[in-house]
Amino acid sequence: MLMGLAITWLLVVILVLGMAWQLGNSMVKATNMAHLRYESTLVADEVTEQIEARIDALSRLDSQVEDDETRDAMRATLKRNEALMAWFEGVIVANKEGQVIADWPNVAGREGLDTSHLEYFQMLRGAQRPYVSEPFVGRASGMPMVLISVPRTDDRGAFNGFVGGIVSLDSGGLFDRLSRVRLGEEGYVGVATASGKILYHPNRDLIMTDVPDRDFNPWLNLALDGWEGEAIGSLLNGQEGFQSYGQVWPANWVVGLYLPSEQALAPLNDFLQRLWWLGLALTLLMLPVLWLILRRMLSPLKHLAKQIGQVGRGERARVELGTRMQELQHVAGTFNRVEDERQVLMTNLQEREAFLDSVLNATPQGMFVANFDGDITYMNPALLDMLDIQPNTPMNAWLRQIHADDLSGATDMWQHSLKSGSDFVRQLRFIRNDKETLWLDIHARVVMLSQGGHSLGLVGVVKDITERREQEAIQRWEAEHDPLTGLLNRRGFERRLDDAFAEFQKTSTPSALLLFDLDHFKPINDEGGHALGDEMLRRIAQVVAWEVRRSDHVARQGGDEFGVLLPSCTLSQARKIAESLCQSVGEISVVHEGKEYSVTLSIGVTTFHEDDGSTDDAVARADAGSYAAKDKGRNGVVINLHDETDTDAVHLFE
């Protein structure tokens, strides 16, 4: 209880601190947003004034340059305005074709330079208003620069070239105001062009690089499109921070002020941390006082707990208290009544458990009990004897004796029954210690409480159905196999034909079909009797089964009619197998009363086709091929494919 009071106090402190943090966070955000808005406006106005002052200076210079002046005269005019070098790295004059005709200071290669293909010349000629170029790196200085240009016009107002001033982004005075802006230790100011090129940043390595993409900071991309305002978003270093944007319209630049949220909230966090330690200290000081008060109040309750423990250990029969507290007297009376009822129930439970143990031990049927977690806690002697395991064998040990193909499915079904309360019904294989494999039929039912509907576990019955499964397997084999040759009968062959045709329709897997009967077989039956004919059929069945692949299906469909299904087999492979069968069967003979008998094969070969409606279409083609082989002289192979007017016959003659 003492700990509960202390925890309650701490929760109150945490709640108060949380509310204070929420309120302080809102105030800090509002204050910093207002400050950033004010600073971004000042910085944008300062940079705008710097740009406009330079544009005005270039306009005045333009008025001093005459159109008909020689290059030397223009250069002299530029030199007289050498005071402009405080703002510019150099000034140039270009004609209407974009060729630089004068510059100061004179730089080798600059006069005569063609600028007609550059973006700022095209903008000046098209818009005929002052323009600030995209940043570039100076060839001589290697410093980032921009060109501020003013268009020149003739008497008729037509474009007649431009006057330009080259401004260094490092030393041109444009960003002097930015270096004086104070935004704490980690806050900073940045300037970028509307096209997304960084012009100013405290990290010099970022100048002339592209701003992050739209997904990284959508607010910056809005500002590049002309938006002004404040927001919270990601900074270049990945931190979250406050942001404010202003526009330098004459240069088409964007000014951004950035303040990391962590820095802005640091004073608030420090204050709340001090409050937290103060609350924790008060809690520790209160604990001894609370402990003394609670100890005195809970003394009778401790005495009650001691007597309850003695009742549980059988050291006393009832609880007897000497306190005057009506609540504890009521608790003691209720406990004594519940204990009396518990003793009666325990006696009944022990009688029921003894009866249940006797029933489970005496029943010849395998039975088990599992708890709510799915662990089998009891197996009766009949089940232990059936599985050939000892009573103390761990469950994880004999679970490994369940056949690997059945274990996963049985485990999933077991867990489903525990969760859903449905019956567990499963047939699986169990490998005993003597390596005998048993087929077990398991039926378990969840035991539910009549009140509340809670599950207590499962009770299951296990039957040994090995003999029944073996009998069913024999019956299935006999239903699909010829008793004389052991090959598939017509029923089994048709089922495998249907399976192969379904696979062909789904995946276009090629399969070939061979149908044949025996040439010259009737004399063997007529002269040697059916016993000799049966012997010949058995030998032929052995040879055919030997010649085909392990994955192929051979059937005796009745009398001397045979069929071979070649799954996943091309036509060329099927032809080779058919020729091999003709060769091998032709070498078989039986002897009766000194006379030797042999047979040949007339084989019809076909494959499934996409226009086949069923296996009957393929069977009809193969059968027609077999008859065609007989008509062509027997002992041969005829390929009969879909929609072929001429069959492809291969004859094998001895």
Side-chain angles (χ1 to χ4, degrees), residues 40-41 43-52 54-55 58 87-89 92 94 98 113-139 141-151 162 164-175 177-178 188-231 233-237 241 243-258:
S40 65
T41 302
V43 171
D45 291 346
E46 173 67 21
V47 176
T48 299
E49 291 176 2
Q50 293 285 347
I51 295 295
E52 290 177 344
R54 285 160 175 77
I55 291 175
L58 291 173
W87 281 351
F88 301 106
E89 296 294 317
I92 62 174
L113 182 67
D114 184 14
T115 65
S116 61
H117 62 283
L118 300 179
E119 52 89 19
Y120 62 81
F121 179 80
Q122 296 175 5
M123 289 295 297
L124 286 168
R125 184 173 59 184
Q128 294 191 22
R129 58 182 177 82
Y131 180 72
V132 179
S133 73
E134 290 293 310
F136 59 90
V137 177
R139 290 182 297 175
S141 65
M143 305 291 285
M145 300 179 174
V146 295
L147 179 68
I148 302 177
S149 306
V150 174
F162 68 88
I166 302 171
V167 180
S168 171
L169 299 180
D170 289 336
S171 58
L174 280 176
F175 304 132
R177 164 70 176 167
L178 275 62
Y188 62 92
V189 181
V191 181
T193 66
S195 61
K197 190 74 70 175
I198 297 177
L199 300 176
Y200 175 82
H201 193 278
N203 183 355
R204 308 295 299 173
D205 294 335
L206 296 178
I207 294 178
M208 298 295 290
T209 62
D210 294 329
V211 300
D213 58 27
R214 184 176 302 274
D215 294 334
F216 181 82
N217 190 344
W219 303 109
L220 174 56
N221 281 275
L222 284 176
L224 295 179
D225 292 336
W227 173 75
E228 291 182 318
E230 304 78 39
S234 298
L235 306 182
L236 286 177
N237 58 6
Q243 308 174 21
S244 180
Y245 296 98
Q247 299 290 334
V248 181
W249 299 111
N252 204 17
W253 291 350
V254 178
V255 174
L257 273 71
Y258 305 94

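The CD1 atom of Ile198 lies 9.5 Å from the OG1 atom of Thr193; values are rounded to the nearest 0.5 Å. Atom OG1 in Thr209 sits 8.5 Å away from atom CG in Asn203 (nearest 0.5 Å). From Ile51, atom CD1 reaches atom CD1 of Ile148 across 4.0 Å, with rounding to the nearest 0.5 Å. Between the NE2 atom of His201 and the CG atom of Leu206 there is a distance of 5.0 Å, given to the nearest 0.5 Å. A distance of 9.5 Å separates CD1 of Ile55 from OG of Ser149, quoted to the nearest 0.5 Å. Residue Met208 holds its CE atom at 11.5 Å from CE of Met143, rounded to the nearest 0.5 Å.
Applying the side chain to side chain donor-acceptor pair (under 3.5 Å) criterion to Ser40, with sequence neighbours excluded, gives Ser244. Contacts of Ala94 classified as side-chain contact (heavy atoms from CB on, under 4.5 Å), with partners at least two apart in sequence or in another chain: Phe162. Residues satisfying the side-chain contact (heavy atoms from CB on, under 4.5 Å) criterion with Asn252, sequence neighbours excluded, are Ala194. In this structure Asp210 satisfies the salt bridge (Lys or Arg N to Asp or Glu O under 4.0 Å) test together with Lys197, sequence neighbours excluded. Shown here are the side chain to side chain donor-acceptor pair (under 3.5 Å) partners of Gln247, two or more places apart in sequence or in another chain: there are none. In this structure Asp45 satisfies the side-chain contact (heavy atoms from CB on, under 4.5 Å) test together with Thr41, sequence neighbours excluded. Take Glu230 and apply the salt bridge (Lys or Arg N to Asp or Glu O under 4.0 Å) test, not counting sequence neighbours, and it matches Arg37. Not counting sequence neighbours, Thr115 has no partner by the side chain to side chain donor-acceptor pair (under 3.5 Å) test. Scored by the side-chain contact (heavy atoms from CB on, under 4.5 Å) test, Pro202 finds Tyr188 as partners (sequence neighbours excluded). With sequence neighbours left out, Asp114 forms a side chain to side chain donor-acceptor pair (under 3.5 Å) with Ser116.
Side-chain atoms of Gln243 come within 3.5 Å of backbone atoms of Gly233 as a donor-acceptor pair (strictly under, hydrogens ignored). A donor-acceptor pair under 3.5 Å is absent between the side-chain atoms of Trp219 and the main chain of Asn217, judged by distance alone.
Of all the heavy atoms in Pro130 and Pro151, the pair that sits closest is N-CD, 3.7 Å. The two residues Leu220 and Pro212 have their closest heavy-atom pair at CD2-CD, 4.1 Å. Here the closest non-hydrogen pair linking Ala223 and Val254 is O-CG2, 3.4 Å. Nearest heavy atoms, Gly196 versus Leu224: CA-CD1, 4.1 Å.
Side-chain contact check for Leu169 versus Tyr200: every heavy-atom pair is 4.5 Å or farther apart. Side-chain contact between Pro250 and Val132 is absent, with no heavy-atom pair separated by less than 4.5 Å. Side-chain contact between Pro144 and Leu199 is absent, with no heavy-atom pair separated by less than 4.5 Å. In this structure, the side chains of Val137 and Met145 stay at 4.5 Å or more apart for every pair of heavy atoms.
The aromatic rings of Tyr245 and Trp227 are tilted relative to each other, their planes meeting at an angle between 30° and 60°.
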Open item on the list: Set out, in order, the CA-CA distance, both residues' side-chain angles and the distance that settles side chain to side chain contact (heavy atoms under 4.5 Å, CB included) for Val189 and Val43, then state yes or no.
Closed with: CA-CA 9 Å; Val189 181; Val43 171; 4.3 Å; yes
- [ ] Go through the steps to decide whether Val167 and Trp87 satisfy the test side chain to side chain contact (heavy atoms under 4.5 Å, CB included), and finish with yes or no.
- [x] CA-CA 7 Å; Val167 180; Trp87 281 351; over 6 Å; no
Could you give the side-chain donor-acceptor pairs of residues 119-129 under 3.5 Å, partners two or more places apart or in another chain?
{"from": "Glu119", "atom 1": "OE1", "to": "Tyr131", "atom 2": "OH", "distance (Å)": "2.8"}
{"from": "Glu119", "atom 1": "OE2", "to": "Glu134", "atom 2": "N", "distance (Å)": "3.0"}
{"from": "Gln122", "atom 1": "NE2", "to": "His117", "atom 2": "O", "distance (Å)": "3.4"}

